[in-house]
There are 2 protein chains.
Amino acid sequence: MSSQNPKRAMFEQFAAVARTIGSAHRLELLELLAQTERSVEELAGLSGLTIANASQHLQQLRRSGLVEARRDGKRMLYRLADGDVVALLGALRRVTERNVGAVEKVLNSYFRERDSLEAISRKELLRRMREGTVTVIDTRPAEEFAAGHLRGAINVPLHEIKRRLRELPRDQAVVAYCRGTYCVLSYEAVAELRKRGFKAFRLEEGYPEWRAAGLPVDHSATA
Amino acid sequence: MSSQNPKRAMFEQFAAVARTIGSAHRLELLELLAQTERSVEELAGLSGLTIANASQHLQQLRRSGLVEARRDGKRMLYRLADGDVVALLGALRRVTERNVGAVEKVLNSYFRERDSLEAISRKELLRRMREGTVTVIDTRPAEEFAAGHLRGAINVPLHEIKRRLRELPRDQAVVAYCRGTYCVLSYEAVAELRKRGFKAFRLEEGYPEWRAAGLPVDHSATA
DNA sequence: CAAATATTCAATTATTCTCTTGAATGAGAC
DNA sequence: GTCTCATTCAAGAGAATAATTGAATATTTG
């Protein structure tokens with residue numbers, strides 16, 4: 001709480017924001033909010049926190065300007081403040097991954113075929129979308145798709161994929177995406193599609209990063 | 001310290017790194033290290049910490065992989081781990097600035113003419129350097145310049161600027177930079193040069209960001 | 001207006017982090 | 001080998017943070 005020196009005071013502000021993301025629970029809440037706006041009860045349920053505790057963490061996030069809230073009837077709906085927050089979490093992820101062996105190990109065991117399924121970048125996907133040489137599938141559940149998705153993507157939730165193979169082209173590339181870098185849905189989808197002979201790829205990142213980059217999204221129901 | 005759930009364990013790793021940058025002292029140390037490699041004693045002096053305390057903070061930064069250390073005789077020299085760290089600090093700065101009024105106020109009082117002196121981006125500067133239509137001056141002290149500077153820049157420490165005006169061209173743009181976004185040296189230099197009728201601009205960011213972006217740097221003595 | 005629901009507040013306890021102090025280590029100098 | 005210097009380690013007091021509980025507030029519903 002010092003402040004004699006303006007530079008020190010500034011560092012103190014930065015540090016306060018950093019401390020706010022210095023909690024696994026709050027990071028999880030932020031990840032959940034990166035998908036879509038959600039109520040306190042929903043967030044508590046998804047993260048395994050009690051309602052009161054989730055509320056307190058959300059208020060800390062709010063005080064630091066990382067999330068915003070609005071009232072909808074008797075519920076409070078929270079959402080990420082903006083794309084800079086997604087960028088901050090991405091930077092944190094990169095720094096952590098590079099130097100912390102433990103993360104590597106978790107990644108290797110959890111996302112088993114991580115590196116074997118080549119990913120394409122946002123830039124590359126955009127180029128191919130403009131060319132019209134690619135079909136983009138969103139492997140998240142229908143509700144999440146409805147709340148926002150890449151413009152031009154079709155919703156094929158992972159568990160429906162086997163039933164819906166005939167909607168997908170065999171002569172051009174299929175790119176799957178889901179919630180973000182640590183979401184397994186698109187990995188599974190790509191693995192399944194490859195097994196069936198499709199030219200399937202995974203988008204390197206997920207919906208939150210796409211939206212944060214200011215790239216086109218839609219909020220319609222199933223396209 | 002949980003770890004039953006792999007996802008939770010991952011968040012815990014990220015949170016640990018975030019907590020490490022959640023301290024004004026450590027952020028200041030990181031900023032000092034963004035300039036150049038330094039010894040514990042030097043860092044303690046510059047940041048006003050006791051040696052023992054500085055050492056402990058540096059070890060925390062090291063455990064989180066944010067800095068690296070090497071021994072040189074009886075001194076330990078610390079340096080930033082890599083450019084990702086600069087990117088993380090930049091992302092933290094952006095998120096904080098946008099939402100925390102206190103930072104705005106500090107900026108306005110400390111960097112008084114902040115917005116009145118237009119800044120040019122790295123990209124723009126690179127373009128003009130290739131064209132040869134710009135002179136780049138580094139306004140930091142000679143020691144820092146010697147430890148690393150933008151390739152093609154000449155060192156004109158702020159306090160020497162009045163004496164060295166005749167080295168600078170009046171017919172083409174002069175771009176000044178210094179330690180980073182919160183360094184005042186380049187602001188002062190640009191203000192002085194404008195007063196004298198030069199076409200002077202400030203580089204948006206400083207040396208650490210330039211180097212972190214992988215752009216060309218040199219380590220010679222005064223060029 | 002009273003009841004029901006969703007969220008927040010306030011107080012408590014347990015845990016973690018910070019700084020200080022003085023001793024211990026490692027490397028070079030004599 | 002001993003001395004000196006730079007850094008690190010270890011222990012303890014004080015401060016900040018986290019999770020839990022139960023009460024309080026705001027909003028819709030009857």
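Bear in mind that the values here come from a model prediction, so they are computed numbers and not experimental data. Note on naming: letters A, B, ... go to the chains in the order of the sequence lines (proteins, then strands), and numbering restarts at 1 for each one.
- The nearest whole Å value for the distance from the CZ atom in B/Arg70 to the P atom in D/dT7 is 13 Å.
- A/Glu204 is not listed as a side-chain neighbour of A/Tyr177, based on a closest heavy-atom distance of 4.5 Å or more.
- Protein atom CE of A/Met76 is 9 Å distant from nucleotide atom P of C/dC9, rounded to whole Å.
- Annotation: side chain of A/Arg75 is not in contact with side chain of A/Val40 (no heavy-atom distance under 4.5 Å).
- Counting to the nearest Å, the P atom of D/dT7 and the CG atom of B/Leu43 are 9 Å from each other.
- Near DNA chain C, meaning a heavy atom under 4.0 Å away, the residues from residues 45-52 of chain B are B/Thr50, B/Ala52.
- Within 4.0 Å (heavy atoms only), B/Arg26 reaches sugar-phosphate atoms of the nucleic acid but no base atom.
- Taking atom CZ on B/Arg63 and atom P on C/dC17, their separation rounds to 10 Å, with Å as the unit.
- With distances taken from any side-chain atom of A/Val40 to the nucleotides D/dT27, C/dT8, D/dT8, the minimum falls on C/dT8.
- Here the P atom of nucleotide D/dT7 and the CG atom of B/Leu29 are 13 Å apart, to the nearest Å.
- In this structure, B/Glu42 reaches neither bases nor backbone, as no heavy-atom distance under 4.0 Å exists between it and the strands shown.
- A donor-acceptor pair under 3.5 Å is absent between the side-chain atoms of A/Arg8 and the main chain of B/Glu28, judged by distance alone.
- When the C1' atom of D/dT7 is taken as reference, atom CG of B/Leu58 falls 10 Å away, rounded to whole Å.
- Residue B/Tyr78 has a polar side-chain atom (N or O) positioned under 4.0 Å from OP1 or OP2 of D/dT8.
- Residue B/Ser55 places at least one side-chain N or O under 4.0 Å from the OP1 or OP2 atom of D/dT8.
- Contact annotation: B/His57 reaches the phosphate of C/dC19 (side-chain N/O to OP1 or OP2, under 4.0 Å).
- Closest to the side chain of A/Glu41, out of C/dA6, D/dC9, D/dC5, is C/dA6.
- At C/dT18, none of the side-chain N or O atoms of B/Asn53 fall inside 4.0 Å of OP1 or OP2 (strictly under the cut-off).
- In this structure, B/Arg19 reaches the C/dC17 phosphate: one of its side-chain N or O atoms is under 4.0 Å from OP1 or OP2.
- The separation between A/Gln59 atom CD and D/dA19 atom P is 14 Å, rounded to whole Å.
- The phosphate of D/dT17 has neither OP1 nor OP2 within less than 4.0 Å of any side-chain N or O from A/Gln56.
- Taken to the nearest 0.5 Å, the CD atom of B/Glu160 stands 11.5 Å off from the OG1 atom of B/Thr139.
- For the pair A/Arg93 and B/Phe14, the cation-pi criterion (under 6.0 Å, within 45° of the ring axis) is not fulfilled.
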Full working for side-chain hydrogen bond (donor to acceptor under 3.5 Å, both in side chains) between B/Gln60 and B/Ser64: CA-CA 6 Å; B/Gln60 282 191 58; B/Ser64 293; over 6 Å; no
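- Mapping B/Ser39 and A/His25 onto DNA chain D by nearest heavy atom places B/Ser39 closer to the 5' end of the strand.
- Distance CD1 (A/Ile21) to P (D/dA18): 13 Å, rounded to an integer number of Å.
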Identify each donor-acceptor pair in which a side-chain atom of residues 208-215 of chain A lies under 3.5 Å from a protein atom, sequence neighbours left out, and give them as a table.
unit_1   : atom_1 : unit_2   : atom_2 : d
A/Glu209 : OE1    : A/Gly206 : N      : 3.0
A/Trp210 : NE1    : A/Pro216 : O      : 2.9
A/Arg211 : NH2    : A/Ala34  : O      : 3.0

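- In this structure a side-chain-to-backbone donor-acceptor pair under 3.5 Å is present from A/Arg26 to A/Thr20.
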